[in-house]
Structures are given as structure tokens and as C-alpha cells.
Amino acid sequence: MTDPKPFAGKLALVTGASRGIGAATAEALALAGAHVILVSRTAKALEEVEERIHAGGGSATIAPLDLTDSAGIGKLATAIAERWSVLDVLVLNAAMLGSLTPVEHIDSAEFGRLLQLNLVANQALIAAFDPLLRGAVKAEVVAVTSSVGATPRAFWGAYGASKAALETLLGAYADENEHGEKLRVHIVDPGATRTRMRQLAFPGEEPDSVKPPEVVAKAIIERMLGDAATGGRIRVEV
């Protein structure tokens with residue numbers, strides 16, 4: 001019989017958890033038994049996700065945080081370490097799209113903010129939580145990417161560059177832990193998904209023509225529960 005709570009007793013942290021893929025993944029983890037730390041800038045939106053988790057019988061803690069604040073990430077890690085001894089799951093989902101524009105028209109200030117959130121913040125999260133991840137019996141790190149990180153597309157240069165760099169960063173982290181047998185890195189390309197970012201990028205698209213974020217969340221959970229070898233770089237397109 002399949003375990004209905006395979007993440008019971010586990011601690012998970014999900015960034016960008018206020019909506020879309022982040023919220024759906026957080027709710028799926030909570031349904032599977034994990035206590036989920038919900039991270040995003042907007043406290044009210046996080047509270048709504050937390051309420052849904054509690055209504056479903058799960059448990060969660062909200063942690064409103066601007067991830068471009070590297071000092072804030074360190075403080076969050078310290079606070080979590082004081083309450084919990086390990087972190088079993090880290091989902092790096094938060095990102096911004098930025099303006100879709102020719103490379104020569106990319107605004108340098110916006111590009112800096114985009115790289116800070118989509119890339120630098122994720123390295124800061126890994127650095128801050130690596131000790132807690134290493135304390136887990138088996139740790140899972142999930143990074144959400146995009147097809148434009150692997151295949152350049154006109155006008156997507158800024159966002160695509162941030163995702164290409166993220167994949168390289170996480171690929172290196174995976175290789176560094178390949179033989180440790182305790183930490184796996186999953187690089188997830190969700191494909192076309194019904195999210196706010198998708199609506200911004202494709203305003204004329206009919207929302208029902210693409211899959212809901214719950215489909216991606218289910219695939220992420222299944223990947224973490226899979227029997228793939230520990231370590232290594234795993235790319236999944238849902």
C-alpha cells in the first residue's frame with residue numbers, strides 16, 4: 001500500500017510560495033505530511049496559502065521575506081536552525097520575468113534586480129541552508145527553470161540568461177554532491193503552466209489552454225519520491 005504521508009516528519013521550505021507553482025508545491029508537500037515553510041514577499045498571500053494547508057489537515061509556517069535581501073536569508077536560516085535541526089526539502093521557485101525586450105534594450109537596473117532574485121538569491125539560499133540539508137537523512141533540492149534557459153529565444157535574453165546561469169549553478173552543486181548519497185538536485189522545467197508569469201508573457205493566451213500548477217507540483221513530488229540515483233543533475237519537463 002502506498003504511504004499517504006511519505007513526507008511525514010519532514011521539513012520543507014518553498015520560495016515563491018504565495019501563488020502558482022510555489023503555492024501548489026507547498027500545498028502538495030503539506031498534504032504529503034511535510035511541515036512547510038512558506039517564503040514570499042507578500043504576507044497576506046502567504047496567509048491564504050497557509051489557511052488552505054491547515055484546512056487540508058497540514059501544517060505550515062509563513063516567512064515573509066524579500067529574497068533580494070541576502071542578510072534576511074541568513075537571518076531566516078538562523079531562525080529555522082534554532083527551531084529545527086534539519087531541512088529535508090528546499091524548493092527554489094521564486095523568480096521574476098522582467099521585460100521581454102531585445103538584448104540591446106535591456107534596462108541595466110531591472111536586469112540587476114532580475115539576476116539578484118533569479119540567481120544570486122538562490123546561491124544565498126543554498127549557502128545558508130546547506131548545513132541543515134546535510135543534516136538530513138536524505139535531502140532534496142528542487143530548482144524551477146525554463147526552456148529559454150537551454151534554448152535562447154528572441155526578447156527573452158534577460159530571463160533566459162538568469163535561468164541558464166541557475167542551471168549551471170545547480171548542476172555544479174549536484175556534481176559536488178554526486179558521491180555523498182544524501183542530497184539530490186532536481187532541475188525542473190515545468191513547461192507552459194497557468195501562472196501569473198505566464199499571463200504576463202502571453203497576455204492573449206487562453207488560461208485554460210495550459211496546465212494548472214498543480215500538475216507541476218505533482219510531478220515534483222513524484223520526482224522526489226522516485227528511485228533515481230542520489231546525486232546527479234536531473235532535468236524534468238512536465
Side-chain angles (χ1 to χ4, degrees), residues 6-7 9-17 20-30 32-40 60 63 65 67 70 73-74 76-78 80-81 84-95 117-146 149-150 162-190 213 216-238:
F7 287 92
K10 304 295 186 183
L11 180 68
L13 185 149
V14 181
T15 69
I21 292 171
T25 302
E27 291 179 54
L29 282 164
H35 180 84
V36 187
I37 299 170
L38 310 170
V39 179
S40 181
L65 177 66
L67 290 171
S70 57
I73 290 173
L76 176 63
T78 298
I80 290 173
W84 292 280
S85 58
V86 302
L87 179 65
D88 302 282
V89 178
L90 175 61
V91 180
L92 305 172
N93 167 72
L117 178 60
N118 295 8
L119 177 63
V120 177
N122 287 316
Q123 187 280 327
L125 285 160
I126 290 172
F129 288 101
D130 181 76
L132 287 177
L133 290 166
R134 293 188 186 282
V137 173
K138 180 181 177 184
E140 310 282 352
V141 176
V142 177
V144 179
T145 186
S146 167
S162 74
K163 290 300 185 179
L166 178 65
E167 290 193 25
T168 298
L169 184 75
L170 269 292
Y173 188 52
D175 285 351
E176 290 156 7
N177 289 280
E178 183 175 7
H179 302 296
E181 299 183 353
K182 290 187 66 176
L183 188 152
R184 295 193 301 181
V185 176
H186 312 274
I187 300 174
V188 179
D189 177 0
V216 180
K218 182 175 183 290
I220 289 173
I221 297 296
E222 290 176 348
R223 168 56 61 176
M224 288 192 289
L225 294 175
D227 294 327
T230 53
R233 183 167 180 257
I234 303 166
R235 185 184 183 94
V236 180
E237 181 160 2
V238 180

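The pair E222-K218 counts as a salt bridge, with a side-chain nitrogen and a carboxylate oxygen less than 4.0 angstrom apart.
By the 4.5 Å heavy-atom criterion applied to side chains, M224 and F7 are counted as neighbours. Counting heavy atoms from C-beta on, the side chains of R184 and K138 come closer than 4.5 Å. By the 4.5 Å heavy-atom criterion applied to side chains, L13 and L76 are counted as neighbours. Counting heavy atoms from C-beta on, the side chains of L183 and V141 come closer than 4.5 Å. In this structure the side chain of N118 never reaches within 4.5 angstrom of the side chain of L166, judged on heavy atoms. Side-chain atoms of I80 and F129, non-hydrogen and from C-beta on, do get closer than 4.5 Å to each other. Side-chain contact check for R134 versus D130: some heavy-atom pair is nearer than 4.5 Å. Considering only heavy atoms from C-beta on, H35 stays 4.5 Å or farther from K10 through its side chain.
With sequence neighbours excluded, the residues that form a side-chain hydrogen bond (donor to acceptor under 3.5 Å, both in side chains) with E27 are R52. Applying the side-chain hydrogen bond (donor to acceptor under 3.5 Å, both in side chains) test to E176 and every residue at least two apart in sequence or in another chain returns nothing. Partners of A128 by side-chain contact (heavy atoms from CB on, under 4.5 Å), not counting sequence neighbours, listed by chain and number: I73, A77. Judged as a side-chain contact (heavy atoms from CB on, under 4.5 Å), and not counting sequence neighbours, the contacts of S40 are S18, L46.
Nearest heavy atoms, A30 versus V36: N-CG2, 3.7 Å. W84 and L132 get closest at one heavy-atom pair: O-CD2, 4.1 Å. When all heavy atoms of A28 and A217 are compared, the pair lying nearest together is CB-CB, 4.2 Å.
The line from CD1 of I37 to CG of L29 is 11.5 Å long, rounded to the nearest 0.5 Å. The CG atom of D189 lies 9.5 Å from the NZ atom of K163; values are rounded to the nearest 0.5 Å. In this structure, CG on L225 lies 11.0 Å from CZ on R223, to the nearest 0.5 angstrom.
Just one residue in the list L170, D175, N177 forms a side-chain contact (heavy atoms from CB on, under 4.5 Å) with V185, and that residue is L170.
Using modelled atom types, one side-chain atom of T168 and one backbone atom of A164 make a donor-acceptor pair closer than 3.5 Å.
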Check residues 86-95 and write down every donor-acceptor pair under 3.5 Å in which the side-chain atom is one partner and the other belongs to a residue at least two apart or another chain.
{"unit_1": "D88", "atom_1": "OD2", "unit_2": "L11", "atom_2": "N", "d": "2.8"}
{"unit_1": "N93", "atom_1": "ND2", "unit_2": "T15", "atom_2": "O", "d": "3.2"}
{"unit_1": "N93", "atom_1": "ND2", "unit_2": "G16", "atom_2": "O", "d": "3.2"}

